[in-house]
Number of protein chains: 2
Amino acid sequence: MKLSEGVEAAIHCALVLVGMNEGATMPGAALAEQFGVSSSYLLKHLNALVAAGIFESVPGPTGGYRLARAAEDISLLDIVLAVEGPQPAFRCGEIRQRGPAKLPASAYAKPCGINAAMLRAERAYRAALAAERLSDIVAEFRTEGDPRSVAASCVFVARHQRPQKSISTKR
Amino acid sequence: MKLSEGVEAAIHCALVLVGMNEGATMPGAALAEQFGVSSSYLLKHLNALVAAGIFESVPGPTGGYRLARAAEDISLLDIVLAVEGPQPAFRCGEIRQRGPAKLPASAYAKPCGINAAMLRAERAYRAALAAERLSDIVAEFRTEGDPRSVAASCVFVARHQRPQKSISTKR
């Protein structure tokens, strides 16, 4: 079982956006170069984050992306679900209904206990992801991260962020 | 993100084996027919469960599979890891090291905070899976499951299980 590589890129992008000035945007191309992925690949995930209400997109050649809400209100679960979609990792194929016995459908009215157990575990996973907020990860990076890495991130944001006249709709 | 279909089949097979007489084995072909999967497909997962010490295999035309340890000592985590492998869902690609800044490797000595956060969540998922024991799922099925489904499962086991002269090495 493997989360797509888009999850890693999306989280890194989100953390970069936390560091921008109020209302500024970051061009997708700069993010793509920073994380060594193709622009078209990254665009798909950036747009998924916009669709999920995590990012905002300001169109045009001087536009780019910014957070749609505060970093305290964005969790790793939000980002994972935006990139991976809402389905759980375990998808019950009702294989209990296969086989030669051919019971009527009413024999399967109650959900399969295996599915119930796997979904309990999934809820624990999602709760743990929901507890990981962007604001906390950024704060830890700024205090615990290698100073050269922190400085390089700061320089990147300063170099590429674009001030915007439009007011962010950030809640 | 999706667990492979082999996980569903493997868990169902394990639950069937809980219901057998002491020391008896279940032929793989019967399990494959019961869950509507090809024998060759299922064999791969049954062998993974043997390799992981969850199942035992008695070779030969009158052999088959049985649990290698008590149902109380087998969790859904054991089965998921046997089928899916040990790697976590999030695999850090160190994309923080990409980009034009080209910091020395020493700047990345500490693990990436994103990887750390994702692994914390993974540990919660695995802990929840580890709390789901086969014995509990079977007990719930026997008391809460549709009586027709419970009866059909019982009939299946009675019909296909094979007594064995060899002593099970079950711990």
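Each chain gets a letter, A, B and so on, in the order the sequences are listed, and its residues count up from 1.
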Heavy-atom closest contact (A:Ala9 atom, B:Ile95 atom, distance) = CA-CD1, 3.6 Å
Determine the option with the most heavy-atom pairs under 4.5 angstrom with chain B, choosing from A:Met1, A:Lys2, A:Arg98.
-> A:Met1
Donor-acceptor side-chain pairing of B:Ser106 and A:Arg148 below 3.5 angstrom | yes
Between A:Ala152 and B:Leu103 the two heavy atoms that sit nearest each other are CB-CD1, 4.1 Å
Which region of A:Phe35, side chain (C-beta onward) or backbone (N, CA, C, O), has a non-hydrogen atom less than 4.5 Å from a non-hydrogen atom of chain B, or is it both or neither?
-> both
Region of B:Ala107 that comes under 4.5 Å of a non-hydrogen atom in chain A = both
Contacting moiety of B:Pro88, where chain A heavy atoms sit under 4.5 Å = backbone
Can you tell which part of A:Ile11 gets under 4.5 Å to a heavy atom of chain B, answering side chain, backbone, both or neither?
-> both
Note, A:Arg96 side chain near B:His12 side chain (heavy atom, < 4.5 Å) = yes
Is it the backbone or the side chain of B:Ala117 that comes under 4.5 Å from a heavy atom of chain A, or both, or neither?
-> both
So which part of B:Leu77 gets closer than 4.5 Å to some heavy atom of chain A, the side chain, the backbone, both or neither?
-> neither
Is it the backbone or the side chain of B:Glu5 that comes under 4.5 Å from a heavy atom of chain A, or both, or neither?
-> neither
